[in-house]
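Comments concern the structure below.
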Amino acid sequence: MDWNLALSVILSGTVIVFIALVILIIAVLLVGKIMTSVQGKETPNKTQKNEKKEVTTKAVPNPPQLMKVEQGIPGEVVAAISAAVASMMGGSSNYSIKSVKRAREARPVWSLAGMMENTKPF
């Protein structure tokens with residue numbers, strides 16, 4: 001085996017791969033610059049950032065809203081859902097439940113059973 005030939009093939013292959021990677025990186029950067037210039041997105045200046053910081057709104061506490069519960073859901077279920085959410089959130093008062101609805105079934109049961117039967121692994 002000729003070690004000079006093997007070494008030259010390895011080195012030339014490595015150099016070609018790195019040159020191709022550099023060309024790809026430059027191409028991606030150029031396409032990114034072209035797309036941002038075509039879309040007209042400009043980076044905000046420092047003065048624009050300062051102007052945005054000056055505009056503030058006064059926080060008004062939200063009045064408590066009644067929870068919307070779908071017809072036919074018993075109060076015990078709503079209480080259990082509320083307790084589960086409260087325990088998962090660690091008792092924090094930053095979260096509230098706005099509505100409770102029944103989950104919609106995506107497929108009828110017989111359709112699901114047929115699908116499970118036909119897609120069973122071997």
Side-chain angles (χ1 to χ4, degrees):
M1 175 176 224
D2 188 14
W3 289 103
N4 289 333
L5 178 64
L7 186 62
S8 65
V9 168
I10 291 171
L11 286 177
S12 63
T14 305
V15 169
I16 290 172
V17 166
F18 280 112
I19 289 174
L21 286 174
V22 168
I23 290 171
L24 283 173
I25 290 171
I26 292 171
V28 168
L29 289 175
L30 285 175
V31 169
K33 295 280 186 185
I34 291 170
M35 293 309 248
T36 43
S37 67
V38 167
Q39 291 177 354
K41 292 184 179 178
E42 298 178 4
T43 57
N45 296 342
K46 290 181 181 178
T47 57
Q48 291 175 345
K49 287 182 182 178
N50 291 338
E51 290 174 4
K52 289 181 182 178
K53 288 182 181 178
E54 292 174 4
V55 178
T56 58
T57 58
K58 186 177 178 182
V60 177
N62 293 333
Q65 298 176 351
L66 295 176
M67 188 183 333
K68 296 179 184 176
V69 179
E70 190 177 282
Q71 192 76 10
I73 299 177
E76 293 87 12
V77 173
V78 174
I81 292 171
S82 300
V85 169
S87 69
M88 289 300 295
M89 297 302 167
S92 175
S93 63
N94 296 337
Y95 300 99
S96 63
I97 299 174
K98 294 184 179 181
S99 68
V100 177
K101 299 179 192 174
R102 289 191 183 275
R104 188 185 75 161
E105 290 186 30
R107 297 174 185 240
V109 178
W110 290 109
S111 171
L112 186 61
M115 183 183 70
M116 294 299 287
E117 180 67 30
N118 291 328
T119 58
K120 204 184 315 183
F122 296 109

Residues which pass salt bridge (Lys or Arg N to Asp or Glu O under 4.0 Å) with E76, listed by chain and number, not counting sequence neighbours = none
Do I23 and V15 share a hydrophobic cluster, counting only Ile, Leu, Val, Met, Phe, Trp and Tyr and linking them when any side-chain heavy atoms are less than 4.5 Å apart?
-> yes
Are V22 and L30 in one and the same hydrophobic cluster, where Ile, Leu, Val, Met, Phe, Trp and Tyr link if side-chain heavy atoms are under 4.5 Å apart?
-> yes
To the nearest 0.5 Å, what is the distance between [atom1] ([X]) and [atom2] ([Y])?
{"X": "I73", "Y": "S99", "atom1": "CD1", "atom2": "OG", "result": "9.0 Å"}
{"X": "I19", "Y": "T14", "atom1": "CD1", "atom2": "OG1", "result": "11.0 Å"}
{"X": "I26", "Y": "L21", "atom1": "CD1", "atom2": "CG", "result": "11.0 Å"}
{"X": "L5", "Y": "I10", "atom1": "CG", "atom2": "CD1", "result": "10.0 Å"}

